[in-house]
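As C-alpha cells, the structure follows; a few thoughts come after it.
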Amino acid sequence: MRQYEMKKTKEINKIICNQCGKEIPVTDGIPREGVFSADCEWGYFSEKDGEKHSFDLCEACYDKLVSSFRFPVEIEE
C-alpha cells in the first residue's frame, strides 16, 4: 500500500531585476547568476507602517546602488 501526502511548495521559475528588468536565469528553482534580494516589514515609526516591501537586483544594479553609499557595505569572506 502506498500513502501520499500532498504538499504545496513554491519554486522560483523566474527572477527579474526590479531596477533594469534583466531576467536572471533560474534552473530547478536555483538562480544561476548573482542576485540580491531584499525584504522589509516596515514598523510603527514609519510612514509605511504595516507594509511589506521586497525587491531583487541583478549584480550590476546592486553594484551601482552600493557604490552610491556614503559608507561602504561590510564585506566578509
Side-chain angles (χ1 to χ4, degrees):
M1 176 173 76
R2 295 181 186 190
Q3 294 181 339
Y4 296 93
E5 180 181 351
M6 296 300 290
K7 293 185 176 183
K8 286 186 176 183
T9 60
K10 287 175 33 175
E11 184 175 289
I12 300 168
N13 61 10
K14 185 186 282 190
I15 300 173
I16 299 172
C17 176
N18 284 77
Q19 177 66 35
C20 71
K22 174 184 177 182
E23 187 172 327
I24 290 103
V26 176
T27 305
D28 296 326
I30 301 168
R32 297 299 176 186
E33 287 183 13
V35 61
F36 175 81
S37 297
D39 295 301
C40 180
E41 287 189 41
W42 294 94
Y44 297 117
F45 304 106
S46 166
E47 296 294 320
K48 298 169 189 66
D49 182 20
E51 294 181 5
K52 295 179 184 180
H53 291 202
S54 61
F55 62 90
D56 296 300
L57 296 176
C58 68
E59 193 167 358
C61 289
Y62 170 82
D63 290 342
K64 283 184 213 172
L65 174 68
V66 300
S67 70
S68 70
F69 290 179
R70 176 174 288 176
F71 301 101
V73 297
E74 293 181 25
I75 299 173
E76 293 182 23
E77 293 194 28

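Worth knowing before you read on, the calculation uses all heavy atoms, side chains too, and leaves out hydrogens, waters and symmetry mates. These figures come from a predicted structure and were not determined experimentally.
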Worksheet item: When the ring planes of Phe36 and Phe55 are compared, do they come out parallel, tilted or perpendicular, using 30° and 60° as the limits?
Response: tilted

Worksheet item: Which value, rounded to the nearest 0.5 Å, describes the distance between Asp63 atom CG and Ser68 atom OG?
Response: 11.5 Å

Worksheet entry | same_hphob_cluster(Ile12, Ile16) at 4.5 Å side-chain heavy-atom cutoff | no

Discussion item. Run the salt bridge (charged side-chain N to carboxylate O under 4.0 Å, His left out) test against Glu33 and tell me which residues pass, sequence neighbours left out.
Written reply: Lys22

Fill in: Minimum heavy-atom distance between Ile24 and Cys17, given as atom pair plus value
CD1-N, 3.9 Å

Fill in: Nearest heavy-atom neighbours spanning Ile15 and Pro31
CD1-CG, 3.8 Å

Worksheet entry | Joint cluster assignment, Leu65 & Phe71, ILVMFWY side-chain distance < 4.5 Å | no

Fill in: Enclosure of Asp49 CG (heavy-atom neighbours >12, cutoff 6.0 Å)
yes

Practice prompt. Spell out, as yes or no, whether a donor-acceptor pair under 3.5 Å connects the side chain of Asp39 to the backbone of Ser54.
Written response: no

Worksheet item: Between CD of Glu41 and CD of Glu51, what distance do you get to the nearest 0.5 Å?
Response: 11.5 Å

